[in-house]
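The figures here come from the full heavy-atom set of this structure, side chains too, leaving out hydrogens, waters and symmetry mates. Numbering of ligands and ligand atoms starts at 1, following listing order.
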Amino acid sequence: MKKYSLSFLLLIFGISISAQKSIDQKVTELLSKMTLEEKAGQLVQYSGFEYATGPQNSNSKKVLEEIKSGKVGSMLNVTGAEETKAFQKLALESRMKIPMIFGQDVIHGFRTTFPINLGQAASWDLEMIEKSERIAAIEASAYGIQWTFAPMVDIARDPRWGRVMEGSGEDTYLGTKIGLARIKGFQGKGLGNIDAIMATAKHFAAYGAAVGGRDYNSVDMSLRQLHETYLPPFKAASEAGVATFMNSFNDINGVPATANKYILRDLLKDQWKFQGFVVSDWGSIGEMIKHGYAKDNAEAGEKAILAGSDMDMESNIYMEQLPKLVKEGKVDIKFVDDAVRRILIKKFELGLFDDPYKFSNSERQKQQTNNLEHRKFGREFGAKSVVLLKNEKKLLPLSKSTKTVALIGPFGKEAVAMHGFWSVPFKDDAQRIVTQFDGIKNQLDKNSTLLYAKGCNENDDNKSMFAEAIETAKKADVVIMTLGEGHAMSGEAKSRSNLHFSGVQEELLKEIAKTGKPIVLMINAGRPLVFDWAADNIPTIVYSWWLGTEAGNSIADVIFGNVNPGGKLPMTFPRTEGQIPIYYNHYNTGRPAGKSTDRNYVSAYIDLDNDPKFPFGFGLSYTDFKYSNFNLSSDNLKGNQTLTINVNVANTGKFDGEEVVQLYIRDLFGKVVRPIKELKGFQKIFLKKGENRNVTFKLTPEDLKFYDDTLNYDWEAGEFEIMVGTNSNDLMTKKIVWEK
Ligand code: BGC
């Protein structure tokens, strides 16, 4: 590490303290000049949906007047340098001339979209994930955006929940690492830089645990579980300096998250010392009335501000109610001041007071409209997110000179769908996206032919297009089928009770299989689907999510072997919906099923094997990896020692390839029961064919800590299993004792 002199460090430290101090002073000054109404105004966020093309085209004058009179602190869904500028001008007509912040759901890319977030998580590639958010920030900030409502760091163990597509899956460790990579990517070198945007840790908290996987539903769980599984990514985000948090829609143990003082004020703001501000979710302050937690707008506003929600997204309650509540003595002005202060600090940090139009630069926007470097990265990232589930007959990779290939299925020529849910719509989307058909066609040799038949629409209940598809398949040497669920069948408010391919797609697959032609089954989906028939009967299956702008090129790179797939599942794939919720790091029960087929008075279903269809962390490669020489530095440790774990991984197959080496532990006996395994480390390594490498992990007592039933966070002496391998089900195990 470079050495700096003490005086140099003091100078740098001193400068940053004085910069911070001056922001604090400026905010204090501003606050002292603001009326109560102007303060409430800073806490208001409006959507610009109906003003998407700029204020001049709006037919509602009310919002424009409110902006001009300082009653709006932020807008979302206004995109574009000119558009944001026009709105900002209105804000600067207000008495205090406080600029607005423009927010947007930049969830998996912006002009260049990347795989849906769950697909990105399957890459287990933290560097690429960070880079994708860096790119998203560069593009979004060039379009006038300073704030993204991402990352979603909700842990989710229920694929019925449509928003699993937006997160990093079921595991707390992986989800935390990915969340941090995303925040780093968005916020770049720090707010104030022209290409850094504020990130949002959302949805606080436990939104992913909605009962039954039904969106917006209640969450009822022990505080221990909340702290152990759902809160760590949020805590880490706060520590990493994420600029904002967003409430979740659900109640937690009976108290809506939006007015949950325990999580917002006691944990986030007091214990974790979070420095940013909290925005409500869309209308979530007002929704507390329907929850049955507030009888009217006044009570909803009062409860939300007292609990610690700082900005009101689209409930229109803070402006209407807060001045009154303060005057009536129901809300102490210090709560309003604290919320305004937090928001103003961010506006200063972003540099908006120095130049309110700094993000509204048409020249920059033009440069980022079709950034080819970003697209190139998107193509690579897409391929890295693909998970190879089966390749029994080594059909993949296909030869580019395969004479006749048929592409069959509802998604083959889809363009906009390749974005997946949550993309900012642009008029030219259909022209910019590489379809799966085009991607495959572009890579096939000139003398080869790519045939196409849709076979059915994603939600058809009739088979009128089957005959054509069967005829097309018969003409081909290889059939690539693209099946799954529609791109808008996952995402917000897209819970499903039936996770099979939608419509008649499975029947189509069975009909095509009858032709006897070799099939590559590509599955497009935003969540783990249930495809038991296909998984048992089709030897070649690739899980390809929604891969974004470059989808077709990415998938073709995998199919033809330019890229050897190395993705690993970030969620457990169930056999049927009846197994849900199913996740790898469960407790053992007093009657665990020894084998997956055990049914007799053990914790199992009488009509179903106990194990999942594909386990967490699973994914194949075109090459083979062999694990050996698994050894530990000691099997008896004491106190603060470090355990070193070594394993050799060899590429014994015929292709260069990447492997995600995974480390799990089990704490065998504890004062509360511990999961049967917990991910504690992973490394993604690239090995040329014939190459091998020693992979090393380290564990310290810090990695053994857990929350007990009094929320005490510590580790216990005792026996542990250390497990290393290629997925959560295929592991080598050694036992150790760790004493205090
Ligand atoms: C979603 C948030 C999103 C917000 C703004 C809400 O419906 O739950 O995740 O950021 O809308 O679009």
Side-chain angles (χ1 to χ4, degrees), residues 44-52 72-79 100-110 116-118 133 136-137 140 143 145-156 161-168 175 179 182-183 186 197-210 213-219 233-234 237 242-252 256-258 260 276-288 290-291 304 309-317 419-425 488 490-495 526:
V44 172
Q45 185 181 52
Y46 277 154
S47 171
F49 270 147
E50 57 170 310
Y51 312 99
V72 185
S74 169
M75 291 187 85
L76 74 156
N77 297 325
V78 180
T79 309
M100 293 193 292
I101 313 180
F102 294 92
Q104 182 72 264
D105 288 288
V106 181
I107 305 293
H108 50 103
F110 185 71
I116 56 161
N117 305 74
L118 190 64
E133 304 302 24
Y143 276 70
I145 311 297
Q146 302 109 37
W147 181 15
T148 176
F149 309 122
M152 182 184 106
V153 293
D154 297 313
I155 299 302
W161 192 49
R163 300 195 80 165
V164 299
M165 55 83 41
E166 216 180 319
S168 302
R182 293 192 189 286
I183 292 164
F186 285 131
I197 62 177
M198 301 198 295
T200 307
K202 75 182 188 187
H203 305 81
F204 197 52
Y207 186 33
R214 214 181 66 217
D215 208 0
Y216 315 124
N217 208 0
S218 297
V219 171
F234 289 100
V242 72
T244 71
F245 264 55
M246 184 187 285
N247 296 140
S248 56
F249 285 120
N250 53 289
D251 72 83
I252 304 169
T258 301
N260 198 308
F277 67 88
V278 178
V279 62
S280 78
D281 203 347
W282 182 290
S284 69
I285 299 178
E287 286 179 14
M288 292 197 295
K290 291 229 170 98
H291 272 286
S309 287
D310 301 310
M311 187 179 272
D312 171 359
M313 179 195 285
E314 278 292 329
S315 285
N316 302 341
I317 285 182
H419 278 321
F421 199 82
W422 283 126
S423 65
V424 178
S490 64
E492 184 179 347
K494 302 298 184 301
S495 296

[X] neighbourhood, listing ligand 1 atoms whose heavy-atom distance to it stays under 4.0 Å:
X	result
Leu76	5 (C), 12 (O)
Lys202	2 (C), 3 (C), 9 (O), 10 (O)
Phe149	10 (O)
Met246	2 (C), 10 (O)

Give me the nearest non-hydrogen protein atom to [atom] as residue plus atom name, then the distance to 0.1 Å.
atom	answer
atom 3 (C) of ligand 1	Asp105 OD1, 3.3 Å
atom 7 (O) of ligand 1	Glu492 OE1, 2.7 Å
atom 6 (C) of ligand 1	Asp281 OD1, 2.9 Å

[X] contact mode with ligand 1 (heavy-atom cut-off under 4.0 Å):
X	result
Met152	neither
Glu314	neither
Thr200	neither

Quick check: His203 and ligand 1, any N/O pair under 3.5 Å apart? yes
With respect to Trp282, determine whether any N or O atom, backbone or side chain, lies less than 3.5 Å from an N or O atom of ligand 1.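 N/O-N/O distance under 3.5 Å: no.
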In plain terms, say whether Glu166 and Lys202 are close enough for a salt bridge, that is, a side-chain N and a carboxylate O under 4.0 Å apart. yes
Would you call the rings of Tyr207 and Phe249 parallel, tilted or perpendicular, taking 30° and 60° as the class edges? perpendicular
Within the 3.5 Å criterion, strictly below it, is a donor on Ser218 or Asp251 matched to an acceptor on the partner's side chain? yes
Atom of Ile145, atom of Thr79 and distance for their closest heavy-atom approach: CD1-CA, 4.3 Å
Residues forming a salt bridge (charged side-chain N to carboxylate O under 4.0 Å, His left out) with Asp281, sequence neighbours excluded: none
Glu287/Thr258 under side-chain contact (heavy atoms from CB on, under 4.5 Å): CA gap, chis, key distance, verdict: CA-CA 9 Å; Glu287 286 179 14; Thr258 301; over 6 Å; no
Distance check, rounded to the nearest 0.5 Å: Asp154 atom CG versus Trp161 atom CH2?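 One gets 4.5 Å once the value is rounded to the nearest 0.5 Å.
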Here the gap from Met75 atom CE to Trp147 atom CH2, rounded to the nearest 0.5 Å, amounts to 13.0 Å
